[in-house]
Structures are given as structure tokens and as C-alpha cells.
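Proteins come first, then strands; the chains are lettered A, B, ... in the order of their sequence lines, and each starts at number 1.
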Amino acid sequence: MPELPEVETVVAGLRSRLEGRRVRELVFLSPHLSRKQSFSVLSPEVYRGKKIERIWRRGKMIIFSFSGGCGLLIHLKMTGQLYLCPSEQFPDKHTHARMTFSGLKEELRFRDIRKFGFLDCLRMPEILRRVNSELGPEPLALNLAEFRDLLGRHGRKKIKAWLLDQKIIAGIGNIYSDEILFRAGIKPDRPAGELSLDEVRKLSRAMKSVLRKAIELKGSSISDYVDASGEKGRFQQKHLVYDREGQPCLRCRKSAIRREKIAGRSSFFCPSCQR
DNA sequence: AGCCCATCCTGTCCGC
DNA sequence: TGCGGACAGGATGGGC
């Protein structure tokens, strides 16, 4: 669910409601969020009375910084949700953490059906170290020369796997990689380093326009994605290939959309329009 | 270096 | 209506 545009939408909603707020308390409802990936070192007690200074996004990661130097590092993975809801609403069994605030009747909930996501309590330097070592550059901040250079540096990788690799470029997931490659007219299994200059240009443009448009439409709601205030996105109405196996291509109106496993993920493409 | 696969979880959907 | 298997927006680690 949550790729760069969805995470951006969630963060924008949280920022406007929560920046400057003082924490009343942070409570974990599940003993473990994710056995493998959680690396919390701080006790939830540390956050009591601290002020939220800033909330932002890096790739698909969400970062909260608080007064006193502590922070939260959050990843929604496949089914994670981060949203504000009335405190009196009873949390269900998939709600793993809640944070309440002084002078606010709503509280922040972290909910994740599959428990792949994490919400780690860490000091800011540790968060920044992790984010910078684990993530490549932001796709919307790359110019053409940098983008081209980056393609060349991992040139043997299939372009689909390249786009999905967070260490190379941060924030693109399975839906947007397919939508980007379709609009660029490039087959997902092409080696990244073998694209012509014209294709590199098309790919760069498609990447930015798809991400920007998706942010503008507040993300894609495939099954149950909702933003910080429970609103659905509308970019799913603009999907041209994702989950359209067997249906006619919306560009050539002739070929059927194909589905193949590439980079370990279902990949949708038009065999005529993408070369 | 890069690919495929299994794995962490729970829920849903589809075919029999 | 039940049951088993495949699959799902992510990411990692092992083996080849």
C-alpha cells in the first residue's frame, strides 16, 4: 500500500495536526510489533511531555523528532496505517501503538494487520544514521545527469528491480514502478544500464510526473489505504497497468496487459507499448 | 553483482 | 459451506 505518494500524504496530514503538540503519553498495545525488524532502544516513558518538533518523510520512512533529542522511526511496510482518531474509539487487535496529546481529543494510532511495519523509539542521531545509510536519493530531487549516473552505477540490474531498490532510489514500490515503466514505454526486465539516452529521459520524466500526480491525488487506495484523517486516495483511477492482467492496453487498445514475476514481484506491462 | 526463494504475518479470494 | 493454496502495497538474508 504505502509507497512514496501515500507516505507523503500521511505525513502532510499528520504534520498539520501534530507539529508543535506536546505528548501526553505513548503506549504500546502489542508486546512486539515485528520480531525481526524492531530496534527500539528508548522506553515509551521518555516521550511523556516532549514536544513534536518536526514530522517528515524520507523514502517510505516516516520520522518524528521531539524536543530533547528523541525521535520515532516508522515504516508502514505492506499494511501499516498511521492516523488520528477519537480517543474514545476502541482500538482493535491490529492496533499496536497509540500516542495522546495535551489539549487534543484525538490520538495517533499505529495499526498494522500483517505486523511487518515498525515504530521504533530511537534517539535522533541513530535515526538519521539509519535513514542515510539505508536509503538512496529522493526521486523528485534528482536531475537528469544524476539519474543517468545512478542508472549506470547499477547497470546490470533489471530496471524494475532497480526502481524497487531503496538503496539506489528511495520511495518507489511495486505499483508505481509498473506505472512509471508503462508511461516511459520500457519493459520491466531491461537492464538499467542499457537504456538509450532518450529512454533515460522518458523514464526520468515519467517517474517524476507519476509521483507528483499521485501525491496531488493523495495516493492510491487499493484495498484499505487511508491517509492520516481516514480519506482515500484517488490515483488508483489513473492506474494504466497495475492489476490489469488480460485487459486491453489503454494506450494501444490492442494488446492484453501481461503479468510476469520480475524482481520477485508481480509486474504488469503491455507487450506492444513497452520495449 | 544480481537473481530467485523463503520468510516475517494476517486476511481475502478463487477453485474444487 | 468448507478447505487448501495463491497472493497481497515491503524488505531482508541465504544460496547459487
Side-chain angles (χ1 to χ4, degrees), chain A residues 1-11 29-39 57-62 73-83 92-96 110-120 130-131 133-136 139 150-181 188-194 210-211 214-215 217-227 232-239 241-246 259-268:
Chain A
M1 161 186 28
E3 303 180 32
L4 188 155
E6 290 76 33
V7 176
E8 178 69 27
T9 303
V10 166
V11 162
L29 305 172
S30 312
H32 61 86
L33 274 181
S34 141
R35 269 165 226 168
K36 272 171 68 171
Q37 347 225 21
S38 190
F39 298 101
R57 173 193 68 73
R58 182 71 174 83
K60 300 172 194 170
M61 307 253 203
I62 299 170
L73 182 61
I74 302 164
H75 199 307
L76 303 175
K77 294 288 179 86
M78 301 276 260
T79 53
Q81 298 172 317
L82 198 59
Y83 58 95
D92 71 1
K93 64 172 176 174
H94 300 302
T95 305
H96 308 300
F110 177 73
R111 185 172 178 271
D112 185 3
I113 292 176
R114 293 175 75 180
K115 292 186 195 157
F116 288 175
F118 57 80
L119 185 148
D120 285 351
R130 270 189 62 184
V131 158
S133 69
E134 291 172 18
L135 300 178
L150 211 48
L151 281 165
R153 269 193 273 152
H154 308 269
R156 317 193 73 93
K157 241 182 149 92
K158 289 175 181 164
I159 190 60
K160 163 98 180 190
W162 190 96
L163 287 167
L164 289 176
D165 190 331
Q166 304 301 300
K167 279 201 166 71
I168 298 177
I169 191 166
I172 297 167
N174 203 37
I175 295 178
Y176 292 103
S177 58
D178 282 2
E179 294 298 323
I180 289 165
L181 288 168
D189 62 355
R190 294 272 305 281
E194 291 175 18
V210 163
L211 294 176
I215 290 170
L217 296 182
K218 304 189 180 299
S220 303
S221 289
I222 288 301
S223 64
D224 56 359
Y225 162 74
V226 289
D227 70 11
K232 291 195 175 222
R234 304 193 310 281
F235 191 75
Q236 67 279 9
Q237 297 163 11
K238 306 284 179 189
H239 290 179
V241 280
Y242 183 76
D243 207 19
R244 294 197 66 248
E245 183 188 15
R259 172 191 189 139
E260 271 175 36
K261 244 191 173 65
I262 298 166
R265 314 290 299 276
S266 284
S267 305
F268 301 88

Handout entry: Nucleotide nearest Lys60(A) (side chain, heavy atoms from C-beta), chosen from dT10(B), dC7(C), dA11(C)
Key = dA11(C)

Practice task
Look at the side-chain N and O atoms of Arg265(A) and state whether any lies under 4.0 Å from the OP1 or OP2 oxygen of dG10(C).
Solution key: yes

Handout entry: Euclidean distance for P, dC9(B) against dG13(C) (whole angstrom)
Key = 16 Å

Handout entry: Parallel, tilted or perpendicular: ring planes of Phe110(A) versus His96(A), cut at 30 and 60 degrees
Key = tilted

Problem - Heavy-atom side-chain contact between Ser266(A) and Lys261(A) under 4.5 Å - result: yes

Problem - Check: Tyr242(A) ring centroid to Phe235(A) ring centroid under 6.0 Å - result: no

Problem - Gap between atoms OH and C1', on Tyr225(A) and dG11(B) respectively (whole Å) - result: 20 Å

Completion exercise
From NZ of Lys158(A) across to C1' of dG2(B) the rounded distance in Å is 9 Å

Practice task
Check whether any side-chain nitrogen or oxygen of Lys115(A) sits under 4.0 Å from OP1 or OP2 of dT10(B), and answer yes or no.
Solution key: yes

Problem - Option passing side-chain hydrogen bond (donor to acceptor under 3.5 Å, both in side chains) with Ser267(A) (candidates Glu260(A), Arg259(A), Lys160(A)) - result: Lys160(A)

Handout entry: Side-chain N or O of Gln166(A) closer than 4.0 Å to phosphate OP1/OP2 of dG10(C)
Key = no

Problem - Stem segments of DNA chain C by first residue number [Watson-Crick or G-U, under 3.5 Å, at least 3] - result: B:2-8 with C:10-16, B:10-16 with C:2-8

Exercise for the section: Could you check how far CZ of Phe110(A) sits from P of dC9(B), rounded to whole Å? Expected result: 14 Å

Handout entry: Nucleotide nearest His75(A) (side chain, heavy atoms from C-beta), chosen from dA11(C), dG11(B), dC9(B)
Key = dA11(C)

Exercise for the section: Would you mind reading off the distance between Lys167(A) atom NZ and dT12(C) atom C1', rounded to a whole angstrom? Expected result: 9 Å

Problem - Asp165(A) and Lys157(A) ion-paired at < 4.0 Å - result: yes

Handout entry: Atom-pair distance (CG on Leu135(A); P on dG10(C)), nearest Å
Key = 14 Å

Practice task
In whole angstrom, give the distance that lies between atom CG of Asp112(A) and atom P of dA8(C).
Solution key: 18 Å

Handout entry: C1' spacing across the pair dA6(C) / dA6(B), given as an integer number of angstrom
Key = 15 Å

Practice task
Verify side chain to side chain contact (heavy atoms under 4.5 Å, CB included) between Glu6(A) and Tyr176(A), making sure each step is shown before the conclusion.
Solution key: CA-CA 11 Å; Glu6(A) 290 76 33; Tyr176(A) 292 103; 2.6 Å; yes

Exercise for the section: Compare side-chain N and O positions of Lys77(A) against OP1 and OP2 of dT12(C) and report whether any pair is under 4.0 Å apart. Expected result: no

Handout entry: Protein-nucleotide distance (Leu164(A), atom CG; dG10(C), atom P), rounded to Å
Key = 7 Å

Problem - Any Thr79(A) side-chain N or O less than 4.0 Å from OP1/OP2 of dA8(C) - result: no

Problem - dC9(B) OP1/OP2 closer than 4.0 Å to side-chain N/O of His94(A) - result: no

Problem - Carboxylate-amine/guanidinium proximity below 4.0 Å for Asp92(A) and Arg111(A) - result: yes

Practice task
Indicate whether Phe116(A) forms a stack on dG10(C); treat it as stacked only if centroid distance is below 5.5 angstrom and interplanar angle below 30 degrees.
Solution key: yes

Exercise for the section: In whole angstrom, give the distance that lies between atom CE of Met78(A) and atom C1' of dA11(C). Expected result: 10 Å

Problem - Among dC7(C), dG2(B), dG10(C), the nucleotide that comes nearest once only the side chain of Arg259(A) is considered - result: dC7(C)

Handout entry: Stepwise side chain to side chain contact (heavy atoms under 4.5 Å, CB included) check, Ile175(A) with Asp243(A)
Key = CA-CA 9 Å; Ile175(A) 295 178; Asp243(A) 207 19; over 6 Å; no

